[in-house]
Amino acid sequence: MKRLVTAALSAIMLIGCVSRSSENESEIPQTEPSVTSTEAASNTSSAPKKLAASSIIYREKLYNINSDIISDLFIQSDGRVWCGFYMNEEGTIDKFNRLWTSDTSYSSDYQLADDLWLEAMLSEDKEDDFVLFNDISELAKLDESGLENISSIIGGTDPFSASSVYTASEAAADPDTPETEYSFIDLVIGKNVCRAYEYTQSYQSSIQDKKAADVIDIIHSQSFYDSWREKCSKKLLPRKNTEV
């Protein structure tokens with residue numbers, strides 16, 4: 001079994017554990033996996049009481065150009081759904097999905113700290129591990145049928161599927177109302193991290209395998225996804241108001 005997080009994350013969890021109220025599971029069709037919410041309503045920074053030694057199968061990153069905080073949503077192979085927040089000190093992603101590390105230097109092929117952290121979690125080498133997220137919350141637990149449905153779709157996705165890419169021209173890249181939230185989605189297929197979707201204001205890339213689109217639609221329809229986005233709306237604040 002692959003590890004979920006480092007021992008340091010376990011320490012964070014011991015500090016942040018809170019009591020949870022009882023919830024009832026409700027059954028819904030297989031294409032919409034039911035979940036049991038495990039989030040403490042009174043503490044938005046509570047950490048999971050226990051994280052099993054399971055692997056990550058889905059990761060979604062939310063980036064706001066006005067904030068110094070980045071958030072990631074994770075789904076584990078044991079059905080656990082959780083999110084983490086960390087301080088971004090790596091540069092600025094622009095509307096064409098380029099990472100600017102100075103006023104004159106940028107890269108179109110880059111990795112942020114959470115990308116490196118994900119690789120370390122999937123690696124068998126414990127020396128690769130490092131602590132990243134200082135704010136963790138467990139959001140839900142997928143039931144058996146829902147987890148099996150999502151896992152089978154992800155497992156059947158072609159990690160080498162061609163991508164459909166759209167990049168706006170410089171002239172068309174400046175709408176009257178700029179978008180500030182960019183999203184990036186990875187599926188973990190075997191030992192391969194497959195970038196299924198990237199979206200910025202003037203750039204979009206998505207793999208053409210329909211299974212990837214299907215699993216993203218399923219996850220985005222869940223209440224835990226709404227809960228994560230609500231957390232992000234409160235934590236990915238403009239820099240002058242950001243608190244970690």
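Proximity of a side-chain donor or acceptor of Ser67 to a complementary backbone N or O of Ile69 within less than 3.5 Å is detected. Looking only at distances, a side-chain donor or acceptor of Asp158 sits under 3.5 Å from a matching main-chain atom of Phe160. A donor-acceptor distance shorter than 3.5 angstrom exists from the side chain of Ser107 to the backbone of Asp109, with no hydrogens or angles considered. Without hydrogens or angle criteria, Thr157 side chain to Ile153 main chain gives a donor-acceptor distance under 3.5 Å. Within the 3.5 Å criterion, the main-chain N or O of Asn149 finds a donor-acceptor partner in the side chain of Ser152.
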Query raised in the report: Given Thr92 and Leu99, is the side-chain contact (heavy atoms from CB on, under 4.5 Å) satisfied, shown in steps?
Result: CA-CA 5 Å; Thr92 303; Leu99 179 67; 5.8 Å; no
Query raised in the report: Which is it for Glu230 and Lys235 under the salt bridge (Lys or Arg N to Asp or Glu O under 4.0 Å) test, yes or no, and what are the steps along the way?
Result: CA-CA 9 Å; Glu230 177 65 19; Lys235 293 179 178 290; over 6 Å; no
Requested in this report: Walk me through it: do Ile70 and Leu112 pass the test side-chain contact (heavy atoms from CB on, under 4.5 Å)?
Outcome: CA-CA 10 Å; Ile70 290 178; Leu112 299 184; 3.8 Å; yes
Report task. Output, in order, the C-alpha distance, side-chain angles, deciding distance and verdict of side-chain contact (heavy atoms from CB on, under 4.5 Å) for Ile216 and Ile218. Result -> CA-CA 5 Å; Ile216 292 171; Ile218 291 172; over 6 Å; no
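Cys232 meets the side chain to side chain contact (heavy atoms under 4.5 Å, CB included) test with Leu62, Ser71, Phe85, Trp228, Leu236; sequence neighbours excluded. Ser105 is linked by a side chain to side chain contact (heavy atoms under 4.5 Å, CB included) to Thr101, Ser102, counting only residues two or more places apart in sequence or in another chain. Applying the side chain to side chain contact (heavy atoms under 4.5 Å, CB included) test to Ser205 and every residue at least two apart in sequence or in another chain returns Ser163, Val165, Glu198, Tyr203. With sequence neighbours left out, Ala113 forms a side chain to side chain contact (heavy atoms under 4.5 Å, CB included) with Tyr86, Glu90, Leu132. Residues passing the side chain to side chain donor-acceptor pair (under 3.5 Å) test with Glu60, sequence neighbours excluded: Tyr58, His220, Tyr225. Taking Tyr197 as the reference, nothing meets the side chain to side chain donor-acceptor pair (under 3.5 Å) condition, with sequence neighbours excluded. The side chain to side chain donor-acceptor pair (under 3.5 Å) search around Asn88 returns none, not counting sequence neighbours. With sequence neighbours left out, the salt bridge (Lys or Arg N to Asp or Glu O under 4.0 Å) criterion links Asp94 to Arg98. In terms of the ring pair (Phe, Tyr, Trp, His ring centres under 6.0 Å) criterion, Phe96 has no residue partners (sequence neighbours excluded). When the side chain to side chain donor-acceptor pair (under 3.5 Å) test is applied to Glu179, the partners found at least two apart in sequence or on another chain are Tyr199. Applying the salt bridge (Lys or Arg N to Asp or Glu O under 4.0 Å) rule to Lys95 yields the partners Asp174; only residues at least two apart in sequence or on another chain are considered. Phe74 meets the ring pair (Phe, Tyr, Trp, His ring centres under 6.0 Å) test with Trp82, Trp117, Phe133; sequence neighbours excluded.
Met87 and Leu73 fall within the same hydrophobic cluster, defined by Ile, Leu, Val, Met, Phe, Trp and Tyr side-chain heavy atoms under 4.5 Å apart, directly or through other members. Cluster annotation: Ile207 is not connected to Ile189 through the hydrophobic network of ILVMFWY side chains, with a link wherever side-chain heavy atoms come within less than 4.5 Å.
The line from OG1 of Thr177 to CD of Gln201 is 9.5 Å long, rounded to the nearest 0.5 Å. Here the CZ-SG distance, from Arg229 to Cys83, works out to 12.0 Å after rounding to the nearest 0.5 Å. In this structure, OG in Ser123 is found 12.0 Å from CG in Leu116, a value given to the nearest 0.5 Å. Distance check, rounded to the nearest 0.5 Å: OH of Tyr182 to CD1 of Ile93 gives 8.5 Å. Rounding to the nearest 0.5 angstrom, the gap separating the CD1 atom in Ile56 from the CZ atom in Arg80 is 13.0 Å. Between the CG atom of Leu187 and the CD1 atom of Ile57 there is a distance of 9.0 Å, given to the nearest 0.5 Å.
Closest non-hydrogen pair, Trp100 versus Asp103, comes out as CZ3-O, 3.6 Å.
Shown here is Tyr106, whose OH atom has no more than 12 heavy atoms of other residues, nucleotides or ligands within 6.0 Å.
The side chain to side chain contact (heavy atoms under 4.5 Å, CB included) test with Thr200 is passed by exactly one of Thr167, Ile65, Asn97: Asn97.
Look at Lys61 and Asp115 and you find a salt bridge, because one of the NZ, NE, NH1 or NH2 atoms lies within 4.0 Å of a carboxylate O, short of that distance. Ion pairing between Lys191 and Glu119 fails under the 4.0 Å rule for side-chain N and carboxylate O.
A donor-acceptor pair shorter than 3.5 Å cannot be found between the side chains of Tyr63 and Asp114.
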